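Notes follow once the structure below has been shown.
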Amino acid sequence: MLIEFKGGKIITTAHEIVVKINGEHMITLQAQIDAVQLIGRGANVISANSGEVKWSIKLDNLQQLEQLATEICAPIQ
């Protein structure tokens, strides 16, 4: 599944999510579904924490976060 936001796009599979950031630096963030936390309440953030790697990214709106939650079967906290 593909979710686009103003900073880039999110690609999900059954086991992982990949966030590709627009721009010349071609940044890619990748995480296993188990390491992902979805934060709502106006923040609309995807947070990944696994071992020694941590990253987070803010989405444009709650609808994008809800769409991602539905796709990966994860709760929004």
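Every value quoted in this text rests on a predicted model; they were computed, and no experiment measured them.
The nearest pair of heavy atoms linking A69 to I76 is CB-CG1, 3.8 Å. For K6 against N22, the heavy-atom pair with the smallest separation is O-ND2, 3.8 Å. Here the shortest heavy-atom pairing between Q32 and V36 reads O-CG2, 3.4 Å. Nearest heavy atom pair, residue I46 against residue L68, reads CD1-CD2, 3.4 Å. In terms of heavy atoms, V19 sits closest to I10 at CG2-CG1, 4.2 Å. Smallest separation of non-hydrogen atoms from V18 and Q30: CG2-CG, 4.0 Å.
For NZ of K54, the number of neighbouring non-hydrogen atoms (other residues, nucleotides, ligands) closer than 6.0 Å is 12 at most.
Between V45 and L59 there is no side-chain heavy-atom pair separated by less than 4.5 Å.
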(request) Apply the test side-chain contact (heavy atoms from CB on, under 4.5 Å) to residues L2 and E4: give CA-CA distance (whole Å), side-chain angles for both, the deciding distance (0.1 Å), then the verdict. (result) CA-CA 6 Å; L2 177 70; E4 294 195 37; 3.9 Å; yes
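Note that OG1 of T28 and NZ of K9 are 9.5 Å apart. Values are rounded to the nearest 0.5 Å. S56 contributes atom OG, which lies 10.5 Å from atom CG of N49 (distance to the nearest 0.5 angstrom). Annotation: the span from K58 atom NZ to Q64 atom CD amounts to 10.0 Å, rounded to 0.5 Å. We find the CG-CZ distance between L62 and R41 to be 12.0 Å, quoted to the nearest 0.5 Å.
Criterion: ILVMFWY side-chain heavy atoms under 4.5 Å apart, direct or through other members. Under it, I33 and I39 are not part of a common hydrophobic cluster. No single ILVMFWY cluster, assembled from side-chain heavy atoms under 4.5 Å apart, contains both I11 and F5.
No donor-acceptor distance shorter than 3.5 angstrom exists from the side chain of Q67 to the backbone of I3, with no hydrogens or angles considered. The main-chain N or O of E16 is found under 3.5 Å from a side-chain atom of T13 such that the two form a donor-acceptor pair.
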